[in-house]
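Here the structure is laid out as structure tokens; the discussion comes afterwards.
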Amino acid sequence: MENYRIEQHTLKWQICLRPLVILLVTMAASSTQIIEAESSAIVPKDQARYDHYRIYNVQFDNEQQIELFQKLEEQSDSLTFIGHAREIGQKLSILVAAHRVADFADLLATYKLQHRVLTYNFQEKIDRNMREVLPENVDVSKYDWQHFFHLKTIYGWMDDMASKYPEQISVLDMGSSTQGNSIKGVKLGKNPANKAIFIESGIHAREWIAPATATYIINELLTSKDARIQQLAKNYNWIVFPCVNPDGYRYTFEHDRMWRKNRQLFGTCRGVDLNRNYPDHWNTTGSSSDPTRYDFAGPSAGSELETQRLMSFIREHVEKDQIKTYIALHSYSQMLMFPYGYTKEHVANYDDLQEFGKKAAAAIKTESGREYVSGNLYETIYPSSGGSMDWAHAEVGIPISYTFELRGPPDSQDLFILPAVEIQPTASEAFTAIRTIVEAAAEKNYYK
């Protein structure tokens with residue numbers, strides 16, 4: 001009888017406690033789901049991170065230091081060189097992985113290299129930059145030059161502008177990329193008598209300011225009330241491709257903000273530097289035959305689908321559309337450069353291109369106070385071969401050819417991670433430079 005009472009008492013407690021147990025289990029499961037949801041929202045999957053990576057700016061004072069850093073670049077995959085060690089007096093920025101900071105600092109002290117630490121935690125800049133990106137599905141009416149945008153949004157905005165201004169602008173498509181993304185652009189102006197200006201940007205995926213500048217130029221040509229810009233829109237046709245490396249550009253948003261190349265697969269690694277892949281003195285200087293390197297020129301000249309698309313487009317349109325100017329937008333270093341990249345040899349119209357470039361740099365200085373330098377690419381930044389600008393000038397015969405390196409300065413603390421607040425002034429001064437070059441070239445009858 002006593003055992004029966006105990007069993008009855010226990011059963012009552014079990015019945016009373018069962019809802020509480022169910023509630024606690026449910027709350028625990030819900031909490032787990034919330035934590036998992038929050039984690040997935042905060043940390044994207046398969047995202048490269050640069051926590052506590054440092055940017056060093058080093059100066060080479062002797063040949064021993066130069067040789068040392070040339071070997072270091074070849075041997076280490078934990079150091080990202082922004083350029084190559086070449087000459088005494090040169091300053092070079094290097095992104096150093098967190099686990100190599102101590103070794104690198106010891107190397108600097110041992111070999112007595114002058115240096116500065118520009119950034120102590122590079123990931124903070126990337127995190128800030130990603131907060132300046134509007135969602136991929138944002139309404140195109142929200143498109144502006146205070147944020148960065150996904151490829152899909154850029155293309156949607158171009159389609160929208162073509163529907164708003166059908167008499168002035170049409171959407172172009174070069175064809176698909178290595179991974180099947182369209183390489184889309186626009187043509188502004190439909191007067192067959194006009195000469196054309198071709199603008200290419202985004203060939204290096206991480207240089208987000210370049211596509212942003214290209215879309216700014218499109219918008220200005222369509223909507224500006226400035227009489228000088230209206231004259232440019234009236235007197236010339238404009239062909240603008242904001243992103244000629246769409247696969248790489250997408251990858252910088254989804255996986256690695258510092259990705260530069262296209263996404264072609266080579267065994268265990270990916271990517272060709274498309275601005276080393278053109279068939280003009282291909283892979284002769286300033287490029288690599290190693291697929292793991294950031295400046296890999298590809299397995300052969302013109303090997304990449306993106307390169308082939310652009311070459312075919314230019315060849316088809318250079319005479320039909322009378323393309324007389326080729327502008328390639330890049331970042332960073334604040335430079336206005338013309339051919340050649342592979343040699344010190346001067347192009348036939350070197351003096352004119354130098355004159356136009358200096359006028360453009362002066363115009364930027366007047367507008368924003370920013371210092372840009374101008375000169376041929378080989379002498380101004382570093383030797384490189386297989387670039388689109390050299391190909392357009394030498395192989396296709398486009399006389400006015402420039403590569404712009406946009407903001408920031410050569411010792412930028414941001415490298416390619418330019419803050420969104422810089423978009424509008426950077427794009428404006430770039431367009432001012434283009435306008436100045438075109439007007440100066442017109443005075444010398446380049447567009448006759």
Side-chain angles (χ1 to χ4, degrees), residues 140 143 145 154-175 182-202 210-244 309-329 356 360 363 388-389 392-393 396-404 427-448:
V140 293
Y143 199 95
W145 290 271
I154 293 173
Y155 286 176
W157 176 79
M158 292 194 306
D159 289 337
D160 184 62
M161 296 300 276
S163 68
K164 287 180 179 177
Y165 303 93
E167 298 302 315
Q168 298 165 262
I169 178 175
S170 56
V171 176
L172 306 172
D173 192 337
M174 281 187 188
S182 294
I183 305 172
K184 296 177 71 173
V186 297
K187 180 179 179 181
L188 299 98
K190 298 184 178 179
N191 184 344
N194 283 351
K195 303 301 188 291
I197 294 151
F198 183 93
I199 299 176
E200 156 240 301
S201 74
T213 296
T215 57
Y216 175 90
I217 291 169
I218 294 168
N219 190 66
E220 285 293 291
L221 289 166
L222 287 170
T223 66
S224 177
K225 304 302 182 186
D226 186 312
R228 294 178 73 180
I229 295 175
Q230 289 178 343
Q231 282 296 107
L232 287 177
K234 176 184 176 182
N235 295 337
Y236 303 92
N237 295 334
W238 297 75
I239 300 169
V240 185
F241 281 85
C243 192
V244 296
R309 297 294 193 206
L310 191 145
M311 288 168 57
S312 295
F313 183 91
I314 292 292
R315 284 171 173 156
E316 180 183 347
H317 291 268
V318 67
E319 292 187 8
K320 182 170 67 175
D321 285 324
Q322 304 182 85
I323 299 174
K324 298 298 181 183
T325 298
Y326 189 103
I327 306 289
L329 299 176
F356 304 158
S388 62
M389 174 191 69
H393 182 86
V396 191
I398 300 176
I400 309 299
S401 297
Y402 284 87
T403 292
F404 285 17
S428 177
E429 66 195 20
F431 194 26
T432 293
I434 293 172
R435 187 197 71 225
T436 302
I437 289 168
V438 170
E439 290 174 351
E443 291 177 2
K444 294 206 170 186
N445 298 319
Y446 276 92
Y447 302 113
K448 291 295 185 182

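Keep in mind it's a predicted model, so treat the numbers as computed, not measured.
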Exercise for review: Locate the shortest heavy-atom distance separating Phe404 from Ala430; write the atom from each residue and the value.
Suggested key: CE2-O, 3.6 Å
Point to revise | Ala162 versus Ile169, closest heavy-atom pair with distance | key: CA-CG2, 3.6 Å
Side-chain donor-acceptor pairs of residues 231-243 under 3.5 Å, sequence neighbours excluded:
| unit_1 | atom_1 | unit_2 | atom_2 | d |
| --- | --- | --- | --- | --- |
| Asn235 | ND2 | Gln231 | O | 3.3 |
| Asn237 | ND2 | Asn191 | O | 2.9 |
| Trp238 | NE1 | Leu232 | O | 3.1 |

Side-chain donor-acceptor pairs of residues 222-230 under 3.5 Å, sequence neighbours excluded:
| unit_1 | atom_1 | unit_2 | atom_2 | d |
| --- | --- | --- | --- | --- |
| Thr223 | OG1 | Asn219 | O | 2.7 |
| Ser224 | OG | Asp226 | N | 3.0 |
| Asp226 | OD1 | Arg228 | N | 2.8 |
| Arg228 | NE | Glu439 | OE2 | 3.4 |
| Arg228 | NH2 | Glu439 | OE1 | 2.6 |
| Arg228 | NH2 | Glu439 | OE2 | 3.4 |
| Gln230 | NE2 | Ser224 | O | 3.2 |

Check your understanding: So, do Val186 and Leu172 sit near enough that their side-chain heavy atoms are less than 4.5 Å apart?
Key -> no
Check your understanding: Do Trp145 and Thr213 have a side chain donor and acceptor closer than 3.5 Å?
Key -> no
**Study point:** salt bridge (Lys or Arg N to Asp or Glu O under 4.0 Å) contacts in which one or both residues fall within residues 310-319, not counting sequence neighbours
**Key:** Glu316-Lys320
Review point. Excluding sequence neighbours, so at least two apart, what forms salt bridge (Lys or Arg N to Asp or Glu O under 4.0 Å) with Lys187?
Key: Asp321
Point to revise | Residues which pass ring-ring contact (aromatic ring centres under 6.0 Å, His included) with Phe356, listed by chain and number, not counting sequence neighbours | key: Tyr446
Review point. Excluding sequence neighbours, so at least two apart, what forms side chain to side chain donor-acceptor pair (under 3.5 Å) with Thr403?
Key: none
Point to revise | Nearest heavy atoms of Ser388 and Ala328, plus distance in Å | key: OG-CB, 4.3 Å
Point to revise | From CA spacing to verdict: side chain to side chain contact (heavy atoms under 4.5 Å, CB included), Lys324, Ile398 | key: CA-CA 5 Å; Lys324 298 298 181 183; Ile398 300 176; 5.6 Å; no
Practice item. Tell me, with the steps shown, if Thr215 and Tyr143 meet side chain to side chain contact (heavy atoms under 4.5 Å, CB included). Key: CA-CA 10 Å; Thr215 57; Tyr143 199 95; 3.2 Å; yes
Practice item. Report the residues that fulfil salt bridge (Lys or Arg N to Asp or Glu O under 4.0 Å) with Glu200, sequence neighbours left out, ordered by chain and then residue number. Key: none
Review point. How would you list, by chain and number, every residue that makes a side chain to side chain donor-acceptor pair (under 3.5 Å) with Tyr155, sequence neighbours excluded?
Key: none
Review point. What closest approach, in Å, do Gly202 and Pro211 show between heavy atoms, and which atom pair accounts for it?
Key: CA-CG, 4.1 Å
Review point. Can you list every pair that meets side chain to side chain donor-acceptor pair (under 3.5 Å) and has a residue in residues 156-166, with sequence neighbours left out?
Key: Asp159-Lys184, Asp160-Lys164
Practice item. Using modelled atom types only, decide if a donor and an acceptor are shared between the side chain of His393 and the backbone of Ser401 within a distance under 3.5 Å. Key: no
Review point. Looking at residues at least two apart in the chain, or sitting in another chain, which of them share a side chain to side chain donor-acceptor pair (under 3.5 Å) with Thr432?
Key: Glu367
Exercise for review: Would you please name every residue forming a side chain to side chain donor-acceptor pair (under 3.5 Å) with Arg309, sequence neighbours left out?
Suggested key: Ser176
Practice item. Determine, step by step, whether Leu221 and Phe431 satisfy the side chain to side chain contact (heavy atoms under 4.5 Å, CB included) criterion, reporting the C-alpha distance in whole Å, the side-chain angles of both residues, the deciding distance to 0.1 Å, and the verdict. Key: CA-CA 10 Å; Leu221 289 166; Phe431 194 26; 3.8 Å; yes
Check your understanding: Which atom names give the shortest non-hydrogen contact between Leu329 and Ala214, and what distance separates them?
Key -> CD1-N, 4.1 Å
Check your understanding: Does the side chain of Thr325 come within less than 4.5 Å of Ile327's, by heavy atoms?
Key -> yes
